[in-house]
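What follows is one structure encoded as structure tokens, with my remarks underneath.
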Amino acid sequence: MSDEEDLKTTADSLSILLSDDSAFESALNAIYEAIDTNGDGRLDPSELERYIGRACAKMGVDSPAPAQVAGVFRQLDLNNDRDISRAELSVFLRHFFQEQVKYCALKLRATRR
């Protein structure tokens, strides 16, 4: 698959997630459960750090410094209760998916020039 096809597929898939509440909830639940390793229904800083570390390892990139992960955690923890709720992760994922759709559209326009 070409880079252009990858970008189109990614944009289309994310657009579906953003327009279909059931699909979005399924994705949110899968991601939340993957991060919530102790199953308590709340994401704590150590769970986020481990998840990011595993994701980086799968991509073959270095993990961010603990201070960087702590900064990400603070941004996601909208009510500052030291846990990330499902609702807080939902806000982040919607925004992230929207930005990724925009990024794909910009990259697609650039490849067509």
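In this chain, residues are counted from 1 in sequence order.
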Legend entry - Note: R74-D81 ion pair, threshold 4.0 Å (strictly below): no

Legend entry - Pairwise distance CD(Q98) to OG(S15) - rounded to 0.5 angstrom: 10.0 Å

Legend entry - Donor-acceptor contact below 3.5 Å, side chain S19 vs main chain I16: yes

Inset, instruction - Please round to the nearest 0.5 Å and tell me the distance separating atom OG of S46 and atom CZ of F73. - result: 9.0 Å

Legend entry - Shortest non-hydrogen contact from T111 toward L108: OG1-O, 2.8 Å

Legend entry - Approximate separation, where rounding is to 0.5 Å, of L14 CG and F96 CZ: 8.0 Å

Inset, instruction - First locate atom CG of L17, then atom CD of E25, and finally report the distance between them rounded to the nearest 0.5 Å. - result: 11.0 Å

Legend entry - Any donor-acceptor N/O pair, Q68 side chain to A65 backbone, under 3.5 Å: yes

Legend entry - Residues, nucleotides or ligands: over 12 heavy atoms within 6.0 Å of D40 CG: yes

Inset, instruction - Determine whether D77 and E88 make a side-chain contact, defined as any pair of heavy atoms from C-beta on separated by less than 4.5 Å. - result: yes

Legend entry - Side chains of L76 and L48 in contact at under 4.5 Å (non-hydrogen atoms): yes

Legend entry - Nearest-0.5 Å distance that lies between atom CG in L43 and atom CZ in R82: 13.0 Å

Legend entry - Short side-chain to backbone donor-acceptor contact, E47 and A34, under 3.5 Å: no

Legend entry - Close side-chain approach of R86 to N29, heavy-atom, < 4.5 Å: yes

Legend entry - Short N-O contact, K102 and E99, less than 4.0 angstrom: yes

Legend entry - V69 versus P64, closest heavy-atom pair with distance: CG2-CG, 3.7 Å

Legend entry - By salt bridge (charged side-chain N to carboxylate O under 4.0 Å, His left out) - contacts of D20 (at least two apart): none

Inset, instruction - Treat each ILVMFWY residue as a node, draw an edge where side-chain heavy atoms are under 4.5 Å apart, and state whether F24 and I35 are in one component. - result: yes

Legend entry - OG1 on T10 to CD on E5, rounded to 0.5 Å: 11.5 Å

Inset, instruction - Taking atom CZ of R50 as the centre, report whether more than 12 heavy atoms of other residues, nucleotides or ligands fall under 6.0 Å from it. - result: yes

Inset, instruction - Evaluate the side-chain proximity of Q75 to V72: yes if any heavy-atom separation is below 4.5 Å, no if none is. - result: no

Legend entry - L78, L89, D44, D36 screened by side-chain contact (heavy atoms from CB on, under 4.5 Å) with I84, the one that passes: L89

Legend entry - In one Ile/Leu/Val/Met/Phe/Trp/Tyr side-chain cluster, 4.5 Å: F92, V101: yes

Inset, instruction - Tell me yes or no: between the side chains of S85 and R42, is some donor less than 3.5 Å from an acceptor? - result: no

